[in-house]
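Given the structure is predicted, the values throughout are model-derived calculations rather than measurements.
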Amino acid sequence: MTAIGALLLCSCLGLLRPGGGQPFLRLRPSPSDNLPVKDIVEHPDPEYDPKEQDLDERTLRKKLGSHFDPGFMAVAVPGPANASGAEAAAAAAAGRARGALPAELRRLELGAPPHGPRLRVGKKARRKVLQWLWAYTYCPVLYTWKDLGVRFWPRYIKEGNCFAEKSCSLPEGMFCKPVKSVTKTFLRWHCQGWSSQKYCTWIPVQYPLISECKCSC
């Protein structure tokens, strides 16, 4: 499976008017290996933050509607989504090794080197090697909660990353990279104009999240 391009959210900084305004988000085609989304640099002026009356949870839930996904977004500070990256990756790989082997691995001929005589590999030993190989090349999506700031609602998102602390191939050289993504809809506090002339409101924006990683170059 190869990396696919999708219409993903890319953060672009820009002032709406000279001398004022607020960075905002634009949509443009972006390959999935550009994920996760980089931190957005916000305008530091608190005048562009939503006020207390703009953060009524009942009103915002109604505005977001069916797009509210409690599995990937939270209004209050959530608990940890994963153990440490290495621990979570090891646990996921161990669980995978106990599962059924995919067809492409079952067809692999371990005892047939390109040069030299054919090697005899017992059935039990062959399965153990294939299970180890499957676990070694596994690329799980590791999730952590990220605070998007007060100008997003809900402000917390469970963001996926590919484990990249070590190579996932033999010989080494390939690493876990994103190959698929999904988008979640959030509300973004968006201001136009400046000073007393500005107008601010909540607008829906799509935020892309890694949904699958794969060992690749």
Side-chain angles (χ1 to χ4, degrees), residues 3-17 19-51 54-55 57 60 63-64 67-89 139-166 175-192 194 198 200-214:
I4 59 173
L7 189 65
L8 301 178
L9 185 67
C10 178
S11 59
C12 301
L13 298 181
L15 296 179
L16 298 178
R17 305 244 180 145
Q22 179 187 14
F24 59 101
L25 302 175
R26 293 174 178 166
L27 293 174
R28 72 176 189 184
S30 176
S32 57
D33 55 5
N34 284 351
L35 297 179
V37 173
K38 294 181 180 179
D39 291 343
I40 299 166
V41 181
E42 298 278 17
H43 194 291
D45 191 342
E47 280 297 313
Y48 294 96
D49 290 348
K51 305 300 186 285
D54 302 313
L55 293 169
E57 183 174 341
L60 295 177
K63 188 175 183 69
L64 192 58
H67 294 296
F68 186 86
D69 184 348
F72 285 89
M73 52 187 71
V75 178
V77 181
N82 272 128
S84 71
E87 291 174 353
C139 289
V141 179
L142 305 179
Y143 290 100
T144 55
W145 285 101
K146 180 178 180 178
D147 184 357
L148 297 176
V150 71
R151 295 175 189 172
F152 280 87
W153 196 92
R155 68 179 289 173
Y156 298 97
I157 185 170
K158 191 166 74 172
E159 190 171 60
N161 286 271
C162 298
F163 183 73
E165 294 182 16
K166 67 177 184 67
F175 291 87
C176 294
K177 295 183 179 181
V179 291
K180 281 187 178 181
S181 62
V182 296
T183 56
K184 299 295 178 181
T185 300
F186 285 72
L187 298 178
R188 166 72 162 163
W189 187 247
H190 179 67
C191 294
Q192 291 179 298
W194 69 96
K198 73 179 184 300
C200 301
T201 188
W202 290 103
I203 61 172
V205 294
Q206 288 188 314
Y207 196 104
L209 299 170
I210 295 170
S211 61
E212 184 178 333
C213 304
K214 189 172 183 180

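- Residues Pro208 and Thr183 form a side-chain contact, since some pair of their non-hydrogen atoms from C-beta on lies under 4.5 Å apart.
- Side chains of Phe152 and Val205 form a contact here, defined as non-hydrogen atoms less than 4.5 Å apart.
- Under the 2.5 Å cut-off for SG-SG separation, Cys200 and Cys191 qualify: their sulfur atoms lie closer than that.
- The shortest heavy-atom contact between Arg151 and Asp45 is NH2-O, 3.0 Å.
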Between Trp153 and Phe186, does a side chain to side chain contact (heavy atoms under 4.5 Å, CB included) hold up when you go through it step by step? CA-CA 6 Å; Trp153 196 92; Phe186 285 72; over 6 Å; no
Check step by step if side chain to side chain contact (heavy atoms under 4.5 Å, CB included) holds for Lys177 and Cys162. CA-CA 6 Å; Lys177 295 183 179 181; Cys162 298; 5.5 Å; no
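- With contacts defined as side-chain heavy-atom distances shorter than 4.5 Å, the pair Val141/Leu209 does not qualify.
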Show your working on salt bridge (Lys or Arg N to Asp or Glu O under 4.0 Å) between Arg188 and Glu42 and close with a plain yes or no. CA-CA 12 Å; Arg188 166 72 162 163; Glu42 298 278 17; 2.6 Å; yes
Could you walk me through whether Cys139 and Cys176 satisfy the disulfide bond (SG atoms under 2.5 Å apart) test, starting with their C-alpha distance in whole Å, then the side-chain angles of each, then the deciding distance to 0.1 Å, before giving a yes or no? CA-CA 6 Å; Cys139 289; Cys176 294; 2.0 Å; yes
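- Atom CD1 of Ile210 and atom CG of Leu35 lie 5.0 Å apart (nearest 0.5 Å).
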Determine, stepwise, if the pair Leu142 / Thr144 fulfils side chain to side chain contact (heavy atoms under 4.5 Å, CB included). CA-CA 7 Å; Leu142 305 179; Thr144 55; over 6 Å; no
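- Every side chain to side chain contact (heavy atoms under 4.5 Å, CB included) that Lys146 has, sequence neighbours left out, goes to Asp39, Leu148, Ile157, Glu159, Tyr207.
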Show the atom names and distances, to 0.1 Å, of all donor-acceptor pairs under 3.5 Å that link a side chain in residues 68-78 to residues at least two apart or in another chain.
unit_1, atom_1, unit_2, atom_2, d
Asp69, OD1, Gly71, N, 3.0
Asp69, OD2, Lys184, NZ, 2.7

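- Scanning both residues, Pro36 and Asn161, for their nearest heavy atoms gives CG-OD1, 3.1 Å.
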